[in-house]
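Input: a single structure, listed below in structure tokens.
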There are 2 protein chains.
Amino acid sequence: MEKTFNIFPVGMVRKRGRRVTIEIKPAYEDGLMGLDQNSHLIVFSWFQKSDTPEKRKTLQVHPRGDKANPLTGVFATRSPVRPNPISISACKILSIEGRRIHVDAIDAFDGTPVIDIKPYVPRPRLDAISEVRMPGWAEEKPQD
Amino acid sequence: MEKTFNIFPVGMVRKRGRRVTIEIKPAYEDGLMGLDQNSHLIVFSWFQKSDTPEKRKTLQVHPRGDKANPLTGVFATRSPVRPNPISISACKILSIEGRRIHVDAIDAFDGTPVIDIKPYVPRPRLDAISEVRMPGWAEEKPQD
């Protein structure tokens, strides 16, 4: 049996009307100290609807579920269908109240488990890249 | 007992002299189809040296191990010490040979498990953010 790693949920995405909140569990609240000095964060979440044995074995998809897009390896897409269904979203922090981080928006359902948060760091080799080249299907459309 | 999620390693970081390679396991090679149309990728890896019960319970650190930096919540740093020791690095693709992706550089040790790869997508709400604000200790220094 192959070695696996364990992920613990540290919180969840909450959506109430237009309000979008990253709600951290009480046990992890101390990990937020100083986050208010950042304007943006990266939310790591778990695409739990894609956490099935079949989906985790799927290695190629038509991006965005559109057959007009060429069959593509999942590592070349942002599809939730992939061996390890981890999502990342860069979000703007609107305010922080205790263990609740209110953000502008996130492409995730209410109740989605959050597994990590990192500050967004606009440096090469971390999060900021210039002169990016992508396939045509990935240009200027909603997230896959 | 809290619910946990399982992560399967899909490859590893290989460093040989100056050559830096993301080596995907044969079972996952089909997931790379089309990645060559992208200039940059985000490598998700597992900080295995931080995968200890003690480090995974640590919620505050002095960034970069420097006591001169204020004690900060791990979710406000890029420290490898955190509940789920996931790393992300944006890399430039130099070439792809089968299941080996040669990249410009990565802040990871030889042998580090790779858990996901995604194309870098320079769009707001995905990977590109402008007008970022950060704490002073995070400005223009090496990666924490």
Side-chain angles (χ1 to χ4, degrees), chain A residues 2-10 24 28 30-35 37-40 42 44 46 51 56 59-60 70-78 82-84 86 88-91 105-107 113 115-122 124-129 131-135 138 143, chain B residues 2-10 24 28 30-35 37-40 42 44 46 51 56 59-60 70-78 82-84 86 88-91 105-107 113 115-122 124-129 131-135 138 143:
Chain A
E2 180 181 49
K3 184 178 183 183
T4 61
F5 306 125
N6 290 324
I7 292 276
F8 312 120
V10 299
I24 299 300
Y28 296 102
D30 287 348
L32 297 176
M33 188 171 68
L35 185 63
Q37 290 183 62
N38 296 272
S39 59
H40 293 78
I42 302 174
F44 290 62
W46 190 257
D51 189 1
R56 297 188 67 168
L59 293 176
Q60 299 184 338
L71 194 64
T72 303
V74 293
F75 297 135
T77 79
R78 303 293 285 244
R82 53 205 313 118
N84 294 306
I86 297 171
I88 51 171
S89 298
C91 301
I106 190 168
D107 285 315
I115 61 175
D116 198 9
I117 287 173
K118 298 186 197 291
Y120 183 92
V121 179
R125 294 191 198 171
L126 283 173
D127 308 320
I129 299 289
E131 299 183 43
V132 173
R133 180 171 58 85
M134 295 189 296
Q143 178 179 11
Chain B
E2 180 180 47
K3 183 177 183 182
T4 62
F5 307 124
N6 289 324
I7 292 278
F8 312 122
V10 300
I24 298 300
Y28 296 101
D30 288 348
L32 296 176
M33 189 171 69
L35 186 63
Q37 290 184 62
N38 297 271
S39 60
H40 294 78
I42 303 174
F44 290 63
W46 190 257
D51 190 3
R56 297 188 66 170
L59 293 177
Q60 299 184 339
L71 193 64
T72 302
V74 293
F75 296 136
T77 80
R78 301 292 284 243
R82 51 205 314 117
N84 294 306
I86 297 171
I88 52 172
S89 298
C91 302
I106 190 168
D107 286 315
I115 60 173
D116 197 11
I117 287 174
K118 297 185 200 290
Y120 183 91
V121 180
R125 294 193 196 170
L126 284 174
D127 309 318
I129 298 290
E131 299 182 43
V132 173
R133 180 171 57 87
M134 295 189 296
Q143 178 179 11

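In what follows, chains carry the letters A, B, and so on, assigned in the order in which the sequence lines appear, proteins first and then strands, with residues in each chain numbered from 1.
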Original post:
For A/D30, what residues pass the salt bridge (charged side-chain N to carboxylate O under 4.0 Å, His left out) criterion, not counting sequence neighbours?
Top reply: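 Result, salt bridge (charged side-chain N to carboxylate O under 4.0 Å, His left out) vs A/D30: none returned.
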
When heavy-atom pairs shorter than 4.5 Å are enumerated against chain A, which of [options] gives the highest number?
| options | result |
| --- | --- |
| B/I24, B/I86, B/V74 | B/I86 |
| B/L71, B/L59, B/I115 | B/L59 |
| B/N84, B/L32, B/I117 | B/N84 |

- Query: Relative to chain B, which segment of A/D51 carries a heavy atom at a distance below 4.5 Å: side chain, backbone, both, or neither?
  - Reply: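 A/D51 touches chain B through side-chain heavy atoms alone.
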
- [ ] Kindly assign one of parallel, tilted or perpendicular to the pair A/Y28 and B/F75, based on the angle between their ring planes and the thresholds 30° and 60°.
- [x]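 If you compare the ring of A/Y28 with that of B/F75, the planes turn out tilted.
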
To the nearest 0.5 Å, tell me how far A/T72 OG1 sits from A/Q60 CD.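 One gets 8.0 Å once the value is rounded to the nearest 0.5 Å.
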
Margin query: Checking B/D116 now: which residues fulfil side-chain hydrogen bond (donor to acceptor under 3.5 Å, both in side chains) with it, not counting sequence neighbours?
Written below: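 Testing B/D116 for side-chain hydrogen bond (donor to acceptor under 3.5 Å, both in side chains), a comparison that skips the adjacent residues, returns A/R82, B/K118.
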
